[in-house]
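On a predicted model such as this, the values are computed, not experimentally measured, just so you know.
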Amino acid sequence: MANEMKVKELENVVIRFSGDSGDGMQLVGTLFSNLSAALGNEIITFPDYPAEIRAPHGTLSGVSGYQMQLGAKKVYTPGDKADVLIAMNPAALKVNAQFLKPDSVVIIDTDSFQAEDLERALFLTDNPFQELGLTSVQVVAAPVTQLCKKALEGIADNKQALKSRNIFALGLVCWLFNRPLEIVEKLLSEKFKKKPVVLQANLLVLRAGFDYGHNIHAAVSTYRIETIPHQKGFYIDVNGNKATAYGLIAAAERAGLSLFLGSYPITPATDIMQELAARKELGVKVMQTEDEIAGICTAIGASFAGNLAATSTSGPGLALKSEAIGLAVMAEIPLVVIDVQRAGPSTGLPTKSEQTDLMQALYGRNGESPAVVLAAISPTDCFDAAFWASKLALEHLTPVILLTDGYIANGSSAWRIPDLEEYPTIQPPYVQPEMAKDWKPYHRNPENEVRYWAIPGTEGFAHRIGGLEKDFHLSTICTDPENHQKMVEVRQAKINKIADVIPLQEVLGDEDAEVLVVGWGGTYGHLSEAVEKVRESGKKVAFSHFRFIQPLPKNAEEILKKYPKVLVVEQSLGQFAGYLRAKIDGFAPYQFNRVKGQPFVVSRLVEEINKIADE
Amino acid sequence: MFEAKDYKSPQLVRWCPGCGDYGVLNSLHKAMAQLAVAPHNIAVISGIGCSSRLPYYMNTYGFHTIHGRGAAIATGVKVANPALSVWLATGDGDCLAIGGNHFIHAVRRNVDINILLMNNKIYGLTKGQYSPTSARGFVSKSSPFGTIEDPFRPAELAFGARGRFFARTIDTDVKNTPEILVAAARHKGTSVVEVILNCVIFNDGINDSIVKQENRPDRTIFLRHGEKMIFGKNREKGLVRDGFTLKAVTIGENGYTLDDVLVHDTTLSDPFLHSQLALMDGAELPVALGVIRDVEAPAYEEEMERQIAEVQEKKPARTLKEYLMTGDVWEVK
């Protein structure tokens with residue numbers, strides 16, 4: 001009978017799962033995204049969860065969401081507004097009403113839309129849809145709780161039935177999207193293989209949800225999304241934090257070094273540490289230290305001892321690590337510092353995303369203390385960015401700060417498992433035995449100003465380094481003013497010369513455009529989509545997105561000066577725009593700055609680009 | 001074979017003439033020669049302060065780092081390469097004030113590093129402020145009317161962090177210090193050696209009542225595992241149990257015989273007696289020197305290696321790709 005329903009063939013669709021933070025919305029969101037990726041859809045996901053682990057049941061502050069955009073073509077973002085919302089309670093409906101398209105499908109559990117539930121979500125009437133002005137949405141109102149209990153009669157208790165509501169909703173969504181259940185069943189079997197009772201309950205409820213949709217003849221749209229051929233290979237679903245962890249492992253493998261991570265739990269960066277701590281079979285050494293400072297300091301020790309060493313954190317932790325980064329600058333040892341940016345200042349909005357640590361990464365240290373700064377542009381790019389960060393750190397004996405953010409760290413998409421041969425080699429400038437005679441720890445390769453690396457345990461190269469200024473020639477402690485000037489300049493030159501080895505900046509879109517849109521880091525997806533939309537409407541726009549911040553690619557100035565109008569878009573009050581102004585004489589861009597802790601809204605970006613193009 | 005000079009760097013030593021740090025340095029050179037670890041397999045780490053200059057005077061690998069963080073950096077060195085012999089040179093301010101957190105956690109983890117805590121109860125490099133080990137009421141540039149806080153007693157802090165090795169020595173005692181440093185190096189796990197140290201400039205003579213040759217026999221006791229706890233000019237005194245406390249007695253007087261004198265056991269897992277010994281302050285009871293506690297426990301870096309080996313036995317993946325292929329993978333053909 002389902003084929004008599006109206007089936008919408010769409011290029012892409014936005015789905016939002018939402019409920020109490022204990023309702024398992026992240027789980028069903030992940031399952032549905034894995035299922036869709038396995039069927040060949042392009043997919044970008046974004047979990048939006050509250051800071052509270054378990055806020056009071058049914059309240060507005062406890063709503064947890066998981067949004068995804070599926071597409072037949074390239075998908076760049078989790079989407080602005082939802083085509084389908086699964087709202088497990090009135091609070092979820094209220095919080096998400098603003099993210100709904102006018103004709104969207106809303107699935108609710110009527111059993112949790114009772115008077116007291118509405119009251120907890122601060123509704124004043126018994127008609128939440130009318131109260132929210134949602135007059136044109138298509139509602140699937142299912143007594144989910146009761147149906148779960150019925151499906152599990154004699155098999156599991158009511159407690160389990162309540163826990164399975166999310167899986168019922170998933171079954172219903174599978175029906176809505178014409179998805180076969182086999183793949184989800186396989187994923188569930190894997191997930192609950194050690195809990196046979198829970199597995200059985202979930203499989204029954206999944207089927208019940210699907211059949212319910214099939215049988216009610218609900219007069220709502222169902223969806224079919226075409227799939228597209230991907231590059232051949234093996235794929236997994238990966239979020240930015242995992243990709244970052246994998247990038248570090250890959251770099252260690254490529255460099256032939258052991259990987260060490262010293263870290264301290266902090267939202268939203270903790271997953272990097274957890275992923276690496278679980279990779280003991282690959283020989284990764286992870287220390288959860290007593291604080292952020294010990295996190296970086298153990299890493300500095302491990303680097304001195306010859307490991308690829310990294311520390312992972314978020315903004316407040318980066319602040320605590322500043323002094324130690326300065327030591328790595330001064331001692332000239334390789335170090336990767338990952339800052340998964342969150343909304344600040346201070347504790348700020350720990351679970352929300354921002355791009356406000358750029359200045360801290362560039363300049364937040366005492367003295368002239370230059371470090372390399374990179375920014376990952378998407379969840380899967382975190383892999384490449386972490387690989388690059390490690391490569392530059394190891395080959396140029398410098399700390400590298402990699403900026404990601406909460407949005408790409410938690411967002412995920414399908415990723416082809418690469419062969420490491422596809423990535424460049426990593427060759428640290430080790431001392432060679434023949435150097436032993438006259439070698440000093442701060443003797444440099446004049447081409448790139450990089451010193452040579454002698455690792456403890458190497459005979460003939462025992463040496464002392466530290467945070468004190470040293471003599472350019474003798475490498476001993478030195479307080480001579482001329483020497484200090486020279487050393488300050490050499491350390492800066494060493495970083496500047498990295499521009500010789502990083503890729504040139506690319507420009508996408510129209511060569512002869514009037515407007516160049518410039519972004520950096522995790523906003524790539526939203527900007528790409530916005531620029532594409534403006535170009536589809538017939539306007540000429542160029543787009544250049546930065547991954548390498550310090551040093552800038554060699555052609556950055558040329559690009560930024562080439563277009564009549566440049567619009568710098570970022571989730572700060574203009575830190576990148578300010579940095580570019582300082583680097584490029586006379587550069588005067590337009591700016592679009594939003595600091596809301598939320599991803600950009602593509603339609604708003606389109607509006608802004610149009611405005612500037614038409615000016 | 002190695003000699004003490006093999007561990008001396010050509011760098012001119014620049015502590016104040018008469019500084020206690022010289023004695024520690026000489027003892028360390030001697031201890032290393034005894035241990036016979038090649039200089040290139042040794043890493044000496046330090047924080048900031050007078051004593052933290054020490055790595056520059058060692059012909060080993062050395063890293064003079066930042067204030068208070070030496071313990072964390074030394075931990076990273078040892079975990080990354082357990083084959084290295086790792087030492088931390090630190091002072092009372094570096095180790096117990098700004099670096100207090102790293103110190104207790106290093107001790108708790110029991111990483112195999114040797115901590116030389118040069119305790120002169122003063123900040124020397126910043127020119128004479130009180131430190132966290134300065135006595136209550138101590139007058140210094142930053143406490144012109146005397147301090148109003150109690151000091152840390154390093155042994156208490158180490159035992160509070162479940163320390164397994166604690167020893168104490170005197171800066172100028174170049175006869176006994178090498179032996180103590182050798183014991184610290186041979187202990188698997190974090191070793192803490194407190195050096196009672198004189199600052200000739202800002203705190204000269206504070207230890208005289210204990211360390212001066214004429215006072216030392218009666219005001220200190222040198223403890224050795226398996227030996228009676230005997231001290232005094234004529235080795236006529238001993239330590240005996242008196243209820244829950246210790247008491248110093250003269251052997252042969254008041255009915256006390258040599259049999260009553262306690263025998264030192266560094267290996268007691270219960271730290272109670274070690275704590276009592278370590279807290280003797282030279283007033284009623286003599287200050288304990290030598291190895292006070294030396295208890296076996298798993299060293300952190302060995303546990304790390306063991307766990308990696310255990311997981312590798314169960315999980316076959318050795319490369320990132322092999323690991324990723326074991327996950328939720330789908331193929332596009």
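The greatest number of non-hydrogen atom pairs below 4.5 Å with chain B, out of Ser258(A), Gly467(A), Ala294(A), Gly457(A), is found for Gly457(A). Of the listed residues (Glu322(B), Lys78(B), Glu313(B), Arg318(B)), the greatest number of heavy-atom pairs within a distance under 4.5 Å of chain A belongs to Arg318(B). In terms of non-hydrogen atom pairs under 4.5 Å with chain B, the most contact-rich of Ile249(A), Thr476(A), Leu327(A) is Leu327(A). Top candidate by heavy-atom pairs under 4.5 Å with chain B, chosen from Ala462(A), Ala309(A), Gly262(A), is Ala462(A). The candidate from Ala38(B), Ala43(B), Ser9(B), Ala317(B) with the greatest count of non-hydrogen atom pairs under 4.5 Å with chain A is Ala317(B).
In this structure, CD on Glu331(B) lies 9.5 Å from NZ on Lys232(A), to the nearest 0.5 angstrom. From Ile417(A), atom CD1 reaches atom CG of Leu320(B) across 8.5 Å, with rounding to the nearest 0.5 Å. Interatomic distance, Leu468(A) CG to Ile48(B) CD1, rounded to the nearest 0.5 Å: 6.0 Å.
No more than 12 heavy atoms of other residues, nucleotides or ligands shown are found within 6.0 angstrom of CZ on Phe152(B). The number of heavy atoms from other shown groups lying within 6.0 Å of CD (Glu459(A)) does not exceed 12. Environment of CG in Asn366(A): sparse, with no more than 12 heavy atoms of neighbouring residues, nucleotides or ligands closer than 6.0 Å. No more than 12 heavy atoms of other residues, nucleotides or ligands lie within 6.0 Å of OH in Tyr264(A), so this atom counts as exposed by the packing criterion.
Contacts between Ala252(A) and chain B at a heavy-atom distance below 4.5 Å are absent for every atom of the residue. Residue Phe304(A) touches chain B through its side chain alone, counting heavy-atom pairs closer than 4.5 Å. When heavy atoms are compared at a cutoff of 4.5 Å, Thr319(B) approaches chain A by way of both its backbone and its side chain. Using a 4.5 Å cut-off between heavy atoms, Ala299(A) does not touch chain B at all. Looking at Glu310(B), there are no atoms closer than 4.5 Å to chain A (heavy atoms on both sides), in backbone or side chain. Residue Arg14(B) does not touch chain A at all, counting heavy-atom pairs closer than 4.5 Å. With a 4.5 angstrom heavy-atom cutoff, Leu84(B) touches chain A only via side-chain atoms. Contacts between Val284(A) and chain B at a heavy-atom distance below 4.5 Å involve the backbone alone (N, CA, C, O). Residue contact with chain A, scored on non-hydrogen atoms closer than 4.5 Å, involves the backbone of Thr60(B) exclusively. Proximity to chain A (any heavy atom under 4.5 Å) is restricted, for Ile45(B), to the side chain, taken from C-beta onward.
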Go through Gln312(B) and Lys280(A) one step at a time and tell me if the side chain to side chain contact (heavy atoms under 4.5 Å, CB included) criterion holds. CA-CA 7 Å; Gln312(B) 288 186 333; Lys280(A) 289 250 167 6; over 6 Å; no

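Residues His40(B) and Phe461(A) keep their aromatic ring centres 6.0 Å or farther apart.
Taking both residues in full, the closest heavy atoms of Tyr61(B) and Ile455(A) are given as OH-O, 3.4 Å, listed atom of the first, atom of the second, then distance. In this structure, Thr298(A) and Ala72(B) approach most closely via the heavy-atom pair CG2-O, 3.3 Å. The heavy-atom pair separating Val286(A) from Tyr300(B) by the smallest distance is O-OH, 4.1 Å. Of all heavy-atom pairs spanning Ile236(A) and Leu324(B), the tightest one is CD1-CD2, 3.8 Å. Residues Ile300(A) and Phe63(B) share a closest heavy-atom pair of CG2-CE2, 3.6 Å. Minimum interatomic distance between Arg69(B) and Cys297(A) (heavy atoms only, all atoms of both residues): CB-SG, 3.5 Å.
With a 6.0 Å cutoff to the six-membered ring centre and a 45° limit on the axis angle, Arg279(A) counts as a cation-pi contact of Tyr323(B).
None of His105(B), Arg108(B), Arg109(B) except one satisfies the side chain to side chain donor-acceptor pair (under 3.5 Å) rule with Glu290(A); the exception is Arg109(B).
Relative ring orientation between Trp330(B) and Tyr235(A) is described as parallel, the plane-to-plane angle staying below 30° on a 0-90° scale split at 30° and 60°.
Lys285(A) has a carboxylate O that lies under 4.0 Å from a charged side-chain N of Glu305(B), or vice versa, which qualifies the two as a salt bridge. Salt-bridge annotation for Lys321(B) and Glu421(A): absent, with no side-chain N of the basic residue lying under 4.0 Å from a carboxylate O of the acidic one.
Side-chain contact between Asn59(B) and His463(A): absent, with no pair of heavy atoms (C-beta onward) separated by less than 4.5 Å.
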